[in-house]
Protein chains: 2
Amino acid sequence: MSILDGDHDVTAVRHAAPTLEMVAARAGVSRATVSRVVNGSDKVNPSSIEAVRQAIAELGYVPNRAARSLASAQSHAIALVVPEDITRFFGDVFFASIVAGLNDRLDQSDYVLNLMVASQDPGGKTERYLLGGAVDGAVVVSHHTSDHFLERIGDAIPLVFGGRPGLENIDTWVVDVDNEEGGAVAARRLVERGCTKIATITGPTDMQSALERTRGWKRVVEAAGLEPGPQVDGDFSMVGGALAMRELLDQYPDVDGVFVASDLMASGAMPVILESGRRIPEDVAVVGYDDSPAALACPVPLTTVLQPSEAMGRAMADILLDVLAGGERQRSTIMPIELVERESA
Amino acid sequence: MSILDGDHDVTAVRHAAPTLEMVAARAGVSRATVSRVVNGSDKVNPSSIEAVRQAIAELGYVPNRAARSLASAQSHAIALVVPEDITRFFGDVFFASIVAGLNDRLDQSDYVLNLMVASQDPGGKTERYLLGGAVDGAVVVSHHTSDHFLERIGDAIPLVFGGRPGLENIDTWVVDVDNEEGGAVAARRLVERGCTKIATITGPTDMQSALERTRGWKRVVEAAGLEPGPQVDGDFSMVGGALAMRELLDQYPDVDGVFVASDLMASGAMPVILESGRRIPEDVAVVGYDDSPAALACPVPLTTVLQPSEAMGRAMADILLDVLAGGERQRSTIMPIELVERESA
DNA sequence: GTGAAAGCGCTAACAT
DNA sequence: ATGTTAGCGCTTTCAC
């Protein structure tokens, strides 16, 4: 009692956290017993459990994480590494739902998530953090190809990559979406509705995912006995999509179907099509990619390819947790995509 | 050398991290000296510094965070607490740039950011984490009014709130944007362009920020000698904005100016105005709020109120870091808003 | 300027 | 089932 009645010092003095030792003293048991109760060991006498529980409640005891972590060599934390500009990252619904999925899975464990934005990272702070035992494992999400510093880290803690190839020769897992199949599904839709002049607006050519989507698109178009139309780089941005569309209409005026590799680009491209006097989908059918909010904000509701981003996040967390618990997991997990049918194609 | 040449066990065995003791042995100095070098103490002989540095490099030594944290009673981490649904959080550009600002400031310190999404938080994991000494302080961002569990936390570590009122009676700081002034600026724009029938589409009435914007709007409209038009709740969503606009046009058909308390709502409301045969801004002028990407995706480029969200994030981090360093800071910081002039008003 | 020694609060063997 | 004893890897007096 005497320790707690400190109402008078609320604002100025921070309460010193009670320790396990204080709990032990109050409950009249050894520190080891308290530790056992806290960690849910089964070999404890019910009466002791009760006494400890009460002492914990009365004192408001919370285990010190650093001490626990030091003694057990586990942090019960995992890092979310984002080697990307943070505004871009958060602006992207794809990433947002991955994080939501991650978080959802983690909520059911006693692990916490640490956000590491490594875009600039002066002084290798991120690397030191990951190597310093602060986290038991890490999840890496980015569209870009792997950054170098991660190689050393995969050597020290398990790494799960999302949406892109992992590193070679070290302990890493990959959860990816089947981008090529995504491009293929989009193209198939166009082919099946009777388009014969099928072009595509692609993402940046230095992104693996963009390349794969294009490859899938091309495969299907060719398999249908058609001559693939132009591939114009739209840079994954809205204005990029508009510019690409303009260029496309110029050099390939009789285009009747286009696979736009992101909804954002599609939302930029559509007005250009409309302004040229063509109708969507009657004259030019459009299939997007992402099923982002942008798909609904388009002039014509966009038929698009849905990536299971939240499920990806959940899968990544699940794999990492499993591995940390000593389980075995497949190195590579490919998540299925699906077509969301709306009006543009 | 002999310790490092372990190329053969890359995949299976994780390297045991070198300890300070190993560095000391290699450098031929005491552990205390290594610690001094690592922490940049000035009272170390240059030659020792050199020896230690080299040993660190050769061994690839990285200090163990848990041990350091336990011994120094500091974690060098701060938490970003989000008592909100994560998808909503990341979907909101306002929050995204706050995080960008936070991160930007933190990059220049040796603190790291820990993401705590407390929306559901079974078992009070977040609370235990924050209370367990895992972080030295926390930043809380959310539009919603304070959650209860934060009170105990503010008692243990310094808390900085963003964009909403903090808690009473405990050590908290608040960085907020002047929402009332934001609403006032928007209304002023409408008044100055000659509107006389000015309505508003508001955010949810249980959000402080929404209330304040409406208050500012009302104050200015009345000060101009005008009768304030209807206030319709648009729920901060796109469809909510559309529905609200429809209702507004019904009950107040001669409206000639409307302050829509978020760009997202405005992007939903505008098409409704246009479809009713009214022109923007000639018949109905529209001012939004946020200066989000949605402002540019509107049928008519949206004049809107800009919140300095990134600066807010930076300010929050700055305050927290200062306080952690023992500095004194004002409890409340109000950031200025500004009007972004485009075509809709 | 440098080293020795004593913890930080917890977990994990090892006894009992 | 419970207590005792060592540490985990680091910082931090306190001597020298």
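Chain identifiers are assigned alphabetically (A, B, ...) following the order of the sequence lines, protein sequences preceding nucleic acid strands; residue numbering begins at 1 within each chain. Being a predicted model, the structure only gives us computed values, none of them experimental.
- With hydrogens and angles disregarded, no donor-acceptor distance shorter than 3.5 Å links the side chain of A:Ser97 to the backbone of A:Ala100.
- In this structure, B:Val323 and B:Trp173 have side chains that are in contact, with non-hydrogen atoms separated by less than 4.5 Å.
- Side-chain contact of A:Arg314 with A:Asn103: a donor-acceptor pair under 3.5 Å is absent, judged by distance alone.
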Check your understanding: Which letters describe nucleotides 8-16 of chain D, given B = protein heavy atom under 4.0 Å from base, S = only from sugar-phosphate, - = neither?
Key -> BBBSBB---

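- Without hydrogens or angle criteria, A:Arg26 side chain to A:Ala51 main chain gives no donor-acceptor distance under 3.5 Å.
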Practice item. Determine, stepwise, if the pair A:Phe95 / A:Val82 fulfils side chain to side chain contact (heavy atoms under 4.5 Å, CB included). Key: CA-CA 10 Å; A:Phe95 289 139; A:Val82 183; over 6 Å; no

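- With hydrogens and angles left out, the side-chain atoms of B:Ser41 and B:Asn39 include no donor and acceptor closer than 3.5 Å.
- Within 4.0 Å of B:Ser69, counting heavy atoms only, lies no atom of the nucleic acid at all.
- Using a 4.0 Å cut-off between charged side-chain N and carboxylate O, A:Arg329 and A:Asp318 make a salt bridge.
- Once you apply a 4.0 Å limit to the heavy atoms of chain B, the touched nucleotides of DNA chain C run 5' to 3' over C:dG1 to C:dG9.
- Under the 3.5 Å distance criterion, the side-chain polar atoms of A:Ser72 are matched with a main-chain donor or acceptor of A:Arg68.
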